[in-house]
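Excluded from the calculations below are hydrogen atoms, water molecules and symmetry mates; all remaining heavy atoms, backbone and side chain alike, are included. Not measured: the values here are computed from a predicted model.
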Amino acid sequence: MDLSGGTSMVAAALEAVEDAAPVDALEAVTRELGEALSARSVSFLIADLGGRALVRLAHVPGRAGGASAGSDGVEQATFIPFDGGEQEQALRTQTPRVLAGDGGWTVLAPVTERGDAIGLLELVLPDEPDARALAEIGRTAHLLGFVVIASRRHTDLFEWGQRTTPFNLSAEIQRRLLPGAFTCEAGAFTLSGWLEPAASVGGDTFDYSLARDVLHFSVTDAMGHGVASALTATLGVGSLRNSRRRGLSLVEQAEVASAAVSEHARTGSTFITALLGRVDLTTGVCAVVNAGHLPPLLVRDGRVAPLALPRNFPLGMVAGSTFDSGQVALLPGDRLVMVTDGMREREAADLDLTAALLQAVDLHPREVTRVLADAVLRVAGPTLSDDATLLIIDWYGSHGRLRSSSAGADTSRASGER
């Protein structure tokens, strides 16, 4: 294998990305890697938006049709459902796999950015890769994550490939309200969120933003379903983001958002239940405003208990409402779990959420959200009557501590260790 060194390989890949159009950037990087490793084939498999499959994107000049997930002229997307096999395990555990086969050696390398599992890099090599080659593949897989993030600002290709089921208008609006990454690893915490949509979108959202010494987060549930609910959610999320970026306190954020919903919502009975929070990363003190929502659950020392917080009206329910906040001092090892009523009410009430959280206590938050989403689908699915949303924060303490990362994932926690 002809490797010229990690630094020059990455430099060559970056040059190839900038020379290519955004829709060709991924192929430019994989082509550079394939040539350096004399690979027989190189593919990128992106995780679908449902979190239960991979999608192989390919560009086939002069051909149309024939794709199992969808086709847009010469673009093809092949749907590969999770089956517990090597591809799924590589993604879920964030551990590269090297497999021997008749056609050569297959390498499956996670494509990850700060713990957010974007997909897999798949290579078929003529010879078994040595440690140096695997390190090069890992670096390039990490680079691919940044290429996808940057390129999708300019093209719908990746979003199109990830949509293994069609979106209606309300789902499109809801999708735009969610953060760009569902997982964020930092030295003091790991955060992961998930939204399992109802057949008729139920207005759920979650959001977060990391400041220098503060982690901001929210979970909201707009009343109703469909486009009207999505538009109400847009009012709430837009107001919360605006006031957060203006530096307002949690209480002020709640008051401004409540006033916005009251003033601009299409009916006088529209409202949003919400949890608004911020964690002081230097102390671990977490302040929360509960606006008519299910209280957060604290997983600590083998027990699960709801946080005792002041109760407030939902956002927009009562004009001129004032709000009170509560707080909890997080301890290293704590897990804070926030859900919407789609996880607790109607058919979903059959899910023993406490037991499920305790069984998943050693899993990475990214995997806990998947486990719980699968669990609620088993008891209330396959089609949900209401959105089911989760936001999980694992607290480690030691703000300022650097992550121990490899190819975009925290190596101390990627496989489940907390």
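In this structure, a donor-acceptor pair under 3.5 Å is present between the side chains of S170 and N168. A donor atom on one side chain and an acceptor atom on the other are not found under 3.5 Å apart for D221 and T340. Using modelled atom types and a 3.5 Å distance limit, the side chains of S43 and R56 yield a donor-acceptor pair. Checked by atom type, the side-chain pair D213/H399 shows a donor-acceptor distance below 3.5 Å.
Taking the side chain as every heavy atom from C-beta outward, S192 and V368 never approach each other to under 4.5 Å. Proximity of Q359 to V371: side-chain heavy atoms (C-beta onward) are nowhere separated by under 4.5 Å. In this structure, the side chains of D280 and R278 stay at 4.5 Å or more apart for every pair of heavy atoms. Here the side chains of Q174 and D204 are in contact, with some heavy-atom distance below 4.5 Å. At a threshold of 4.5 Å between non-hydrogen side-chain atoms, the residues L336 and F217 count as touching. Between L281 and W395, the closest side-chain pair of non-hydrogen atoms falls below 4.5 Å. At least one side-chain heavy atom of V29 sits less than 4.5 Å from a side-chain heavy atom of V17. In this structure the side chain of T93 never reaches within 4.5 angstrom of the side chain of E367, judged on heavy atoms.
Side chain of S151 to backbone of V147: a donor-acceptor contact under 3.5 angstrom is found. The backbone N or O of G226 lies less than 3.5 Å from no partner atom in the side chain of S229, so there is not a single donor-acceptor pair. A donor-acceptor contact shorter than 3.5 Å links the side chain of H293 to the backbone of V339. Judged by distance alone, with hydrogens and angles left aside, the side-chain atoms of H225 form a donor-acceptor pair with the main-chain N or O of S385 at under 3.5 Å. No donor-acceptor pair under 3.5 Å is formed between the side chain of D116 and the backbone N or O of E113. The backbone N or O of A198 sits less than 3.5 Å from a side-chain atom of D387, completing a donor-acceptor pair. In this structure, Q162 contributes its side chain and A47 its backbone to a donor-acceptor pair below 3.5 Å. In this structure, S239 contributes its side chain and G236 its backbone to no donor-acceptor pair below 3.5 Å. Remark: the backbone N or O of R52 is paired with a side-chain donor or acceptor of D48 at under 3.5 angstrom. Side-chain N or O atoms of S258 include one that pairs as donor or acceptor with a backbone N or O of G316 at under 3.5 Å.
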Practice item. Verify side-chain contact (heavy atoms from CB on, under 4.5 Å) between T232 and M223, making sure each step is shown before the conclusion. Key: CA-CA 8 Å; T232 302; M223 186 197 73; over 6 Å; no
Point to revise | Residues L372, L353; criterion side-chain contact (heavy atoms from CB on, under 4.5 Å); working and verdict | key: CA-CA 8 Å; L372 294 179; L353 185 58; 4.1 Å; yes
Exercise for review: Kindly indicate, with the supporting measurements, whether the criterion side-chain contact (heavy atoms from CB on, under 4.5 Å) is fulfilled by T95 and Q89.
Suggested key: CA-CA 8 Å; T95 305; Q89 293 307 310; over 6 Å; no
Exercise for review: Output, in order, the C-alpha distance, side-chain angles, deciding distance and verdict of side-chain contact (heavy atoms from CB on, under 4.5 Å) for H364 and E185.
Suggested key: CA-CA 10 Å; H364 188 287; E185 291 178 347; 2.8 Å; yes
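Summarising the local packing, CG of D374 is surrounded by more than 12 heavy atoms from other residues, nucleotides or ligands at distances under 6.0 Å. Within a 6.0 Å radius of CZ in R212, no more than 12 heavy atoms belonging to other residues, nucleotides or ligands are found.
Residue R335 comes nearest to L363 through the heavy atom pair NH2-O, 2.7 Å, listed as atom of the first residue, atom of the second, then distance. In terms of heavy-atom proximity, P365 sits nearest to T190 at CG-CG2, 3.9 Å. In terms of heavy-atom proximity, F271 sits nearest to V261 at CA-CG1, 4.4 Å. Residues V376 and A388 approach most closely at CG1-CB, 4.2 Å, considering heavy atoms. In terms of heavy-atom proximity, R175 sits nearest to F182 at NH1-CZ, 4.0 Å. Contact record, R241 with D207: NE-OD2, 2.8 Å, taken as the closest heavy-atom pair.
Here the straight-line distance linking atom OG1 of T140 with atom CG of L33 works out to 4.5 Å at 0.5 Å rounding. Note that CG of L108 and CD of E88 are 12.5 Å apart. Values are rounded to the nearest 0.5 Å. Going from atom CG of L294 over to atom CG of L275 covers 8.0 Å, rounded to the nearest 0.5 Å. The CZ atom of R370 sits 7.5 Å away from atom CZ of R366, with the distance rounded to the nearest 0.5 Å. Put simply, CD on E122 and CD1 on I80 are 7.0 Å apart, with the number rounded to the nearest 0.5 Å. Atoms CG and CZ, on L57 and F44 in that order, are 7.0 Å from each other to the nearest 0.5 Å.
No salt bridge links R132 with E136; every basic N to acidic carboxylate O contact stays at or beyond 4.0 Å.
I118 pairs with exactly one of T112, L91, I149 by the side chain to side chain contact (heavy atoms under 4.5 Å, CB included) rule, that one being I149.
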